[in-house]
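All heavy atoms count here, side chains included; hydrogens, waters and symmetry mates do not. To find a chain, count down the sequence lines: A is the first, B the second, and so on, and within it residues start at 1.
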Amino acid sequence: MIKVSNLSKKFADLAVLKDINFVVDKGDIVVIIGPSGTGKSTLLRCLNYLETPTTGQIHIGDVTIDAVSHKAKEVTALRKQSSFVFQNYSLFANKTALQNVAESLITVWKTPKSEALATAESILIKVGLTDKLHAYPSQLSGGQQQRIGIARAMAAKGEVILFDEPTSALDPEWVDEVLAVMKQLAVERQTMIVVTHEMQFAKEVADRVIFMEDGYIVEEGTPQQIFEQPEHHRTRAFVKRALKQS
Amino acid sequence: MQSSFDLQYIIELMPILFKYLGVTMEMALWGFLFALILALGLALVRVFKIPFVQYIASLYISFFRGTPLLVQLFLLYYGLPQFMPIFIGMDAFTAAVVGLSLHFSAYMAESIRASIIGIDKSQMEACLSLGMTRLQAMKRVILPQASRVATPSLMNYFIDMIKSTSLAFTLGVAEIMAKAQMEASSSFKFFESFFAVALIYWVVVLFFTRIQYLLENRLNKAY
């Protein structure tokens with residue numbers, strides 16, 4: 001289970017996140033939507049402590065961490081509870097697909113190398129990259145790279161996978177293959193928190209949708225509530241615009 | 001007095017000088033190895049901004065880049081034993097290797113640091129996001145990538161170091177420059193002697209420049 005309480009983040013004087021509270025149950029797929037620059041990505045990065053929150057507690061799995069009193073050890077422990085899929089893939093450039101996926105098992109979880117590589121291979125087969133096991137990121141398309149990015153996150157044994165606009169940097173032709181992998185994960189009830197502009201994905205796959213604006217959670221609910229009967233006029237305006245575009 | 005250029009003398013001198021090339025190369029190789037280890041340590045201390053130690057590293061780098069190598073060698077070999085008796089037993093060869101290591105480590109540290117900083121920040125973030133420590137990330141992902149970037153400039157420092165070993169003759173190390181100097185003073189054929197030693201340095205440098213080129217090609221193919 002994931003619980004975020006009173007989370008806030010300031011960059012110098014600019015408050016990017018303001019009193020964020022939410023809970024995600026095991027197996028839930030939560031999609032965060034909202035206009036650009038409203039703190040969605042910062043929120044996700046705070047969950048992984050890639051950004052250090054200014055205040056608030058984050059609880060994932062069996063780790064609880066407080067922004068004010070956090071220690072380096074707690075940060076590493078928290079990060080082991082989650083894994084991250086980056087907008088720009090951020091694959092290890094010096095490693096093959098297989099090595100990218102096996103890395104966390106070898107370095108973080110101390111799995112024997114042969115076992116780690118076997119696990120990595122089975123995950124890459126699952127995301128449809130059987131023929132690219134030994135390719136380097138620079139030799140692959142954006143869609144293939146992002147599927148490796150997801151495979152790497154799957155291998156990391158975390159409670160939850162955090163997706164930071166996983167399809168935003170992709171050419172349109174590669175978007176569907178990445179979304180297909182994510183949908184497959186959703187079917188398997190992998191806990192996910194997804195920041196995205198893919199409204200169709202949110203509608204179809206999410207158990208819950210969180211609408212953020214201006215550093216606040218404005219409204220949250222089922223896809224049906226958010227997309228069809230939004231309570232807040234801001235949500236209504238955003239959803240209307242977003243659905244028209246897609 | 002003007003004398004004619006004696007090619008025969010150069011041809012005879014070459015094999016004599018060649019025997020001393022071993023000492024030159026030994027100094028350069030040991031010097032480079034120690035310089036590399038030191039430089040990596042200094043670079044990491046500065047990249048990780050380790051409290052207090054990073055300022056010592058900066059001071060060290062500033063001093064060894066800011067003063068001439070010859071002065072550093074004299075300070076080490078002739079100066080230091082006066083204050084620290086343990087250095088009295090240090091032979092000239094060791095002093096030269098230590099001096100070259102200290103001097104070049106300062107330059108190489110900056111070049112390694114620049115290579116590390118040049119690696120996209122997202123690579124470190126990806127490591128951290130998986131629960132790796134910064135040190136693990138450095139070892140597994142950042143340094144392997146940075147070493148590719150740093151290799152050309154580190155090879156340049158190695159070539160520069162080979163040439164700088166010639167200063168060791170001022171400490172009394174019997175390397176090729178010292179031998180050329182001795183031969184010149186006994187035959188009075190200064191031009192020929194120093195021209196011969198210049199040719200040897202040149203050929204050695206050409207050889208390592210070629211290796212540098214091959215190494216860079218190989219690294220560029222890697223990924």
Would a distance-only check, ignoring hydrogens and angles, find a side-chain to backbone donor-acceptor pair under 3.5 Å from B/Q123 to A/A93? yes

Atom group of A/K157 that falls short of 4.5 Å from chain B, counting heavy atoms: neither

Spacing of CZ belonging to A/R79 relative to CG belonging to B/L128, to within rounding of 0.5 Å: 4.5 Å

Using non-hydrogen atoms only, which part of A/S138 is less than 4.5 Å away from chain B: side chain, backbone, both, or neither? side chain

Taking atom NZ of A/K110 as the centre, report whether more than 12 heavy atoms of other residues, nucleotides or ligands fall under 6.0 Å from it. yes

Highest number of heavy-atom pairs under 4.5 Å with chain A: which of B/K139, B/M132, B/R148? B/M132

In terms of heavy-atom proximity below 4.5 Å to chain B, should A/T96 be classed as side chain, backbone, both, or neither? neither

Approximate separation, where rounding is to 0.5 Å, of B/S147 OG and A/N94 CG: 8.5 Å

Rounded distance (nearest 0.5 Å) linking atom CZ of B/R134 with atom OG1 of A/T76: 11.0 Å

Segment of A/Q139 engaging chain B (4.5 angstrom heavy-atom cut-off): neither

Return the CD to CD distance between B/E125 and A/E51, rounded to the nearest 0.5 Å. 7.0 Å

For atom OH of B/Y78, is the number of surrounding heavy atoms from other residues, nucleotides or ligands below 6.0 Å larger than 12? yes

More than 12 foreign heavy atoms under 6.0 Å from CZ of B/F207: is that the case here? no

For B/W202, I'd like to know if atom CH2 has over 12 heavy atoms of other residues, nucleotides or ligands within 6.0 Å. no

Can you confirm whether A/L14 is buried at CG, in the sense that more than 12 heavy atoms of other residues, nucleotides or ligands lie under 6.0 Å from that atom? yes

Give a yes or no on this: more than 12 heavy atoms of other residues, nucleotides or ligands lie within 6.0 Å of atom OH of B/Y213. no

Residues A/A156 and B/L130: closest non-hydrogen pair is CB-CD2, 3.8 Å

Using a 4.5 angstrom heavy-atom cutoff, name the option from A/Y49, A/F86, A/F84 with the most pairs to chain B. A/F86

Would you say the side chain of B/R140 lies within less than 4.5 Å of the side chain of A/I106, judging by non-hydrogen atoms? yes

Does any backbone or side-chain atom of A/R45 lie under 4.5 Å from a heavy atom of chain B? Answer side chain, backbone, both or neither. side chain

Are more than 12 heavy atoms, taken from residues, nucleotides or ligands other than B/Y20, located less than 6.0 Å from that residue's OH atom? no

Could you give the distance from OG (B/S122) to CD (A/Q87), rounded to the nearest 0.5 Å? 11.5 Å

